[in-house]
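Letters A, B, ... are given to chains in the order of the sequence lines, protein chains preceding strands, and every chain is numbered from 1. Computed from a prediction, not measured in an experiment: that's the story for all the values here.
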Amino acid sequence: MQRPIQVLNVAEKNSIAKQVSAALSNNSARSQRSCSTYNPLFYFPYNINGQPCDMVFTSVAGHLMELDFTDDMKKWRSCSPVDLYGAPVLKKIPQDKKPVERNLQEQARQCQWLVLWLDCDREGENIAFEVVEVCRRANPRLVIKRAKFSALVRRELERSVQTLGLPDENASKAVDARQEIDLRIGASFTRFQTLLLQEKFKWQEGGLQEERPLISYGPCQIPTLGLIVQRQWEIRAHVSEPFWYIYVMYRTPEGQQCTFSWRRGHIYDHAIATVLYENCVDEPTARIAKVDARQVLRQPPLPLATLSLQKEAITHLRMPGERMMKLAEELYQEGFISYPRTETDCFDPAYDLKALVRDHTQDPRWGQHAQRIDSGEMWHPPRSGGHDDKAHPPIHPTRWTGASEGWPPEKKRLYEFVCRSFLASCSKPAVGFETQIEAAIATEAFTTRGLMVMEKNWLEVYPWFKWGGNDNLPPFQVNQTFMPTELLLKEGMTHPPPKLSERDLINAMERHGIGTDATVADHIQKQLDRGYAFKDASALFSPSPLGEALIAGYHKMGLSNLWQPNLRGVIEFNISEVAHGRRAKEAVLEEAVQHFRSDYISAAQKQGMMVEEVARFFDPWGAAEAQQQALPQGQAIGQCPACPMPLMLYKPEQGTPYVACSGAPLCRQIVCFPCATAQADVSAQPCTECPGNISKVAFKFRRAALPLGYDAEMTCCVLCDRRFEDLCRSYGTARPPGHGQARGRGGRGAGGQRAGQAEGRAAGRHPTAGRAAARRGSGRGSHGNGAAEMGRGAPRSRRRDRDSDDDADNPHRGGRARTGPRGGGRAGTQHRARGAWNGARARGRADAGRGRQPAPGGRFVSATGHAVGNGATSGVCFKCGQPGHWSNACPNQG
DNA sequence: GCAAGGTC
């Protein structure tokens with residue numbers, strides 16, 4: 001008799017652990033609490049490939065680990081935000097996940113095998129590696145295996161456990177890359193925006209909730225805001241135009257009637273419309289040219305996935321997506337509906353749907369319909385929407401309850417919606433009889449259509465959908481003639497597109513790959529929480545002044561790729577190249593970091609534009625105005641050693657000349673004059689001398705030129721330039737280049753660390769080594785060097801071209817901006833401006849979103865020389881979203 | 001005080 005192997009099985013959430021244990025053990029698993037509240041243990045014996053096993057099944061609760069910067073970079077003023085592109089990052093287990101970690105380690109110590117049952121998607125693969133890391137720390141000898149399953153049904157799970165494989169490292173690395181990109185961009189731009197704007201304006205007077213708002217940036221939240229602002233600009237850019245159309249109405253003596261639509265739709269030229277109309281008036285007899293009558297079917301709704309449930313709940317129940325998800329979560333926890341976060345919109349054929357239907361036959365509201373399905377009279381197998389996340393079924397009721405009296409009304413309505421929707425999806429399609437009529441008057445053609453509902457079927461249980469209409473059509477015959485009751489030339493006006501509804505937003509986000517089914521609602525809610533957008537009484541979204549100013553600011557800077565909706569798609573496409581093994585994680589990261597760092601540098605250099613945009617809507621604080629006015633005129637002499645902004649030489653009328661970074665308040669670097677090699681140390685204390693809330697700046701000098709360092713500390717106010725202390729002290733040991741000198745001496749570390757980084761680059765490791773050189777050269781009036789350094793990046797002329805292009809396109813400024821020619825001139829629709837933007841969007845969009853598109857062909861190597869994955873490389877440009885080149889050589893700027 | 005993604 002073989003001794004059983006001890007096997008630790010880990011699922012992504014308890015519900016899966018429970019289901020798989022039940023399926024594999026034939027419902028005989030013994031459950032036991034663990035030290036982690038939401039992750040109990042299930043024990044049962046099993047046999048894997050003839051080998052007896054003692055199975056212990058447990059779960060985590062999503063990711064175990066979080067990515068973050070090291071402690072020294074977490075303080076917002078500890079470094080310039082641009083440093084966050086190169087700062088080290090760490091994966092850590094946050095405090096609230098410690099019990100999960102303990103549970104895994106306790107079990108791992110007693111087991112020989114670890115079987116990973118995490119969801120079969122990229123995030124699941126990444127969590128699998130987190131679990132492996134934690135378990136291996138407790139038991140290095142663990143044998144690691146991965147169960148891949150396509151449905152939670154017994155046969156599939158049994159197959160899966162007998163054919164265990166290995167976790168997919170590429171998929172996991174793709175997630176690592178995404179996390180790192182999101183963190184670096186998010187943190188750097190959030191700090192940039194917040195530090196730049198937070199203190200400058202009277203937010204509350206401008207309608208914001210908070211006095212000092214957090215102005216966050218994220219690669220999902222900002223493109224979402226971009227969608228809202230873009231629509232606002234479309235609306236504002238719309239210029240109403242008149243159009244004309246011929247209106248025909250016919251009423252029989254019996255009272256049957258219909259109106260006809262003109263084949264030409266609308267005509268924007270009054271003269272032409274009049275000529276065509278007069279033709280009709282001259283020969284007004286209408287002749288029926290065609291009668292097409294046939295039976296049509298209206299299919300029931302697809303089984304519900306998360307996003308479709310959100311959209312339906314918004315439309316039919318008038319419930320915001322975020323609220324709906326909370327209630328759905330509750331219903332799931334209480335066992336009334338299945339797992340609410342799923343992409344699946346098709347039922348597994350093995351699923352016993354009839355049993356689920358039977359559960360509802362006693363309901364007073366929809367029980368009768370359920371009975372008719374159960375009897376087979378109404379039964380029709382649910383359609384398949386073609387999506388399957390391989391982990392969850394579509395959302396459906398799991399238990400009937402008539403005892404929902406205590407529930408809040410919204411929860412009741414949601415449960416009812418899930419039940420009715422499920423029953424509808426198991427019902428026969430509705431049957432109608434449609435008649436399409438074509439009529440001719442003189443040279444012009446007209447159509448009308450009638451629809452009579454013959455069998456309601458699924459519509460009986462689903463009251464939210466209206467079908468049918470115009471069923472009082474006169475009984476036309478081909479070649480029949482009649483005299484129209486009314487024949488008129490009517491005038492209409494084009495309307496701007498409507499504001500976005502939450503449903504529109506979800507659709508747009510889905511189309512562009514912004515967020516996942518589980519996070520889309522959060523990103524929308526975040527717009528409201530951050531004060532970037534409002535939702536009006538009709539639940540339509542419009543940007544707040546702050547939201548619009550942010551987008552307009554980046555637009556004006558020529559950095560629209562930072563907010564346009566394809567941003568996420570571009571990131572997703574590139575990391576999916578990692579997941580498929582076509583590019584190395586490091587290469588994609590390097591490319592992304594380089595690109596976004598360069599965008600950050602542009603943004604920091606043009607920060608004034610952002611301030612200007614915000615100043616259109618919000619009043620600045622007096623002190624900030626005073627600060628701006630009080631700053632003396634300086635002369636650019638190079639680039640700041642700590643950030644991308646120009647370093648300025650200031651010569652106050654009284655007092656000592658000094659050199660300071662122009663990037664305040666993001667960077668308050670002040671360096672020594674005349675040597676200009678010193679590192680500043682900034683402490684944010686209020687100035688005791690001047691009336692404004694200006695910080696006191698303490699800074700250190702270091703005379704690198706001397707063999708023994710010479711150090712000084714001085715405290716002064718940047719606003720009034722008043723010194724508080726001035727003391728010098730020497731120190732004894734010279735340090736080799738590349739070691740942070742300030743850090744070792746009790747001064748705060750940032751300055752010294754930056755010095756260390758800069759030296760490292762100078763040693764040739766990094767392509768931006770020139771910066772350190774410029775810093776050294778910019779002392780003693782070496783102006784030429786500094787100026788050359790400031791103009792780095794795209795050639796100036798090209799940048800100017802791009803900016804002016806963008807300005808021409810920016811419709812939010814002039815009020816009545818043009819709508820073409822991108823939109824193709826006279827679009828002939830009610831929403832003519834939309835065509836223009838859609839055209840622009842389509843071109844700008846990554847052929848990317850979620851890796852559905854084929855990989856772009858061809859071989860190319862990044863300018864950094866890193867981008868060689870497994871020989872053939874591919875990906876899309878972070879700037880324009882197109883394949884074939886990298887963003888630092890993007891030919892499609894703007 | 002930053003992101004987005006899992007999940008309770």
Side-chain angles (χ1 to χ4, degrees), chain A residues 11-18 36-40 59-69 73-79 81 83-85 87 89 91 93-94 96-97 99-100 118-119 121-131 172 174-196 198-199 210-224 306 325-326 328-330 332-334 339-342 389 391-392 509 513-523 525-526 529-530 567-568 571-572 575 592 596 600 666 684:
Chain A
E12 193 162 318
K13 46 200 161 264
N14 179 42
S15 62
I16 303 256
K18 200 170 163 183
S36 175
T37 323
Y38 303 107
N39 310 103
S59 52
V60 289
H63 279 286
L64 269 170
M65 301 183 179
E66 268 178 12
L67 197 68
D68 210 342
F69 296 108
M73 306 297 264
K74 275 189 195 163
K75 277 231 178 335
W76 280 34
R77 292 179 190 273
S78 65
C79 61
D83 294 339
L84 298 179
Y85 289 97
V89 285
K91 261 197 173 185
I93 299 180
D96 61 329
K97 290 291 166 68
V100 182
L118 295 119
D119 290 1
D121 55 22
R122 258 184 230 164
E123 296 292 333
E125 226 57 47
N126 189 265
I127 300 172
F129 279 88
E130 295 176 355
V131 170
S172 171
V175 172
D176 286 337
R178 176 193 61 69
Q179 290 177 343
E180 197 173 322
I181 294 171
D182 287 348
L183 176 66
R184 292 191 193 278
I185 318 176
S188 62
F189 278 96
T190 299
R191 291 185 192 184
F192 166 71
Q193 296 180 167
T194 307
L195 292 174
L196 177 65
Q198 190 179 57
E199 305 278 341
E210 287 161 70
E211 179 76 44
R212 300 174 73 246
L214 176 74
I215 307 172
S216 65
Y217 179 98
C220 282
Q221 49 177 286
I222 292 298
T224 303
T306 304
M325 287 303 285
K326 276 219 174 69
E329 182 69 35
E330 256 179 51
Y332 160 68
Q333 296 288 340
E334 293 159 2
Y339 190 70
R341 284 187 284 269
T342 176
D389 64 14
H392 313 281
M509 292 169 76
I514 302 173
T516 67
D517 52 348
T519 60
V520 160
D522 296 344
H523 297 312
Q525 183 60 36
K526 191 156 272 174
D529 294 345
R530 294 278 191 250
L567 173 69
R568 192 70 193 165
I571 296 173
E572 285 288 327
I575 64 159
F596 288 108
Y600 178 88
L666 298 174

*Look at the side chain of A/Asn14 against the base of B/dC8 and say whether a donor-acceptor pair falls under 3.5 Å; ignore hydrogens and angles.*
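No such pair is found, so the answer is no.
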*Establish whether the base of B/dG1 is bridged to the side chain of A/Gln198 by a donor-acceptor pair shorter than 3.5 Å.*
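Such a pair is found, so the answer is yes.
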Just by modelled atom types, is the [Y] backbone N or O under 3.5 Å from a matching donor or acceptor in the [X] side chain?
{"X": "A/Asn39", "Y": "A/Ser59", "result": "yes"}
{"X": "A/Gln198", "Y": "A/Arg212", "result": "yes"}
{"X": "A/Arg568", "Y": "A/Pro219", "result": "no"}

[N] OP1/OP2 closer than 4.0 Å to side-chain N/O of [X]:
{"X": "A/Ser216", "N": "B/dA3", "answer": "yes"}
{"X": "A/Gln221", "N": "B/dA4", "answer": "yes"}
{"X": "A/Thr516", "N": "B/dG6", "answer": "yes"}
{"X": "A/Arg568", "N": "B/dG5", "answer": "yes"}
{"X": "A/Arg184", "N": "B/dA4", "answer": "no"}
{"X": "A/His63", "N": "B/dA4", "answer": "no"}

For [X], which contact category applies under a 4.0 Å heavy-atom criterion: base, sugar-phosphate, or nothing?
{"X": "A/Leu64", "result": "nothing"}
{"X": "A/Phe189", "result": "nothing"}
{"X": "A/Arg212", "result": "nothing"}
{"X": "A/Asp68", "result": "base"}
{"X": "A/Gly186", "result": "sugar-phosphate"}

Whole Å only: how far is the [atom1] atom of [X] from the [atom2] atom of [N]?
{"X": "A/Asp182", "N": "B/dA4", "atom1": "CG", "atom2": "P", "value": "7 Å"}
{"X": "A/Asp529", "N": "B/dG1", "atom1": "CG", "atom2": "P", "value": "18 Å"}
{"X": "A/Gln525", "N": "B/dA4", "atom1": "CD", "atom2": "P", "value": "14 Å"}
{"X": "A/Arg341", "N": "B/dG6", "atom1": "CZ", "atom2": "P", "value": "9 Å"}
{"X": "A/Glu130", "N": "B/dG6", "atom1": "CD", "atom2": "C1'", "value": "9 Å"}
{"X": "A/Ile127", "N": "B/dG5", "atom1": "CD1", "atom2": "C1'", "value": "8 Å"}
{"X": "A/Lys75", "N": "B/dG1", "atom1": "NZ", "atom2": "P", "value": "8 Å"}
{"X": "A/Tyr600", "N": "B/dA3", "atom1": "OH", "atom2": "C1'", "value": "16 Å"}

*asked:* More than 12 heavy atoms of other residues, nucleotides or ligands under 6.0 Å from NZ of A/Lys91: yes or no?
replied: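 More than 12 heavy atoms, drawn from other residues, nucleotides or ligands, come within 6.0 Å of this atom.
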_Around atom NZ of A/Lys74, are there more than 12 heavy atoms from other residues, nucleotides or ligands closer than 6.0 Å?_
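Yes, NZ of A/Lys74 has more than 12 neighbouring heavy atoms, counting only those of other groups under 6.0 Å.
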*Closer to the 5' end of DNA chain B via nearest nucleotide, is it A/Val100 or A/His523?*
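On the 5' side of the pair lies A/His523.
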*Does the ring center of A/Tyr217 lie less than 6.0 Å from the ring center of A/Phe192?*
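No, the ring centres sit 6.0 Å or more apart.
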_Stacked pair A/Trp76-B/dG1, distance under 5.5 Å, angle under 30°_ =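 A/Trp76 ring centre within cut-off of B/dG1 base, planes near parallel; stacks.
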*From the list B/dG5, B/dT7, B/dC2, which nucleotide is the closest neighbour of the side chain of A/Thr519?*
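Among the listed nucleotides, the one closest to the side chain of A/Thr519 is B/dG5.
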*B/dA3, B/dC2, B/dT7: which one has an atom nearest the side-chain heavy atoms of A/Arg191?*
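Looking only at heavy atoms from C-beta outward on A/Arg191, the closest nucleotide is B/dC2.
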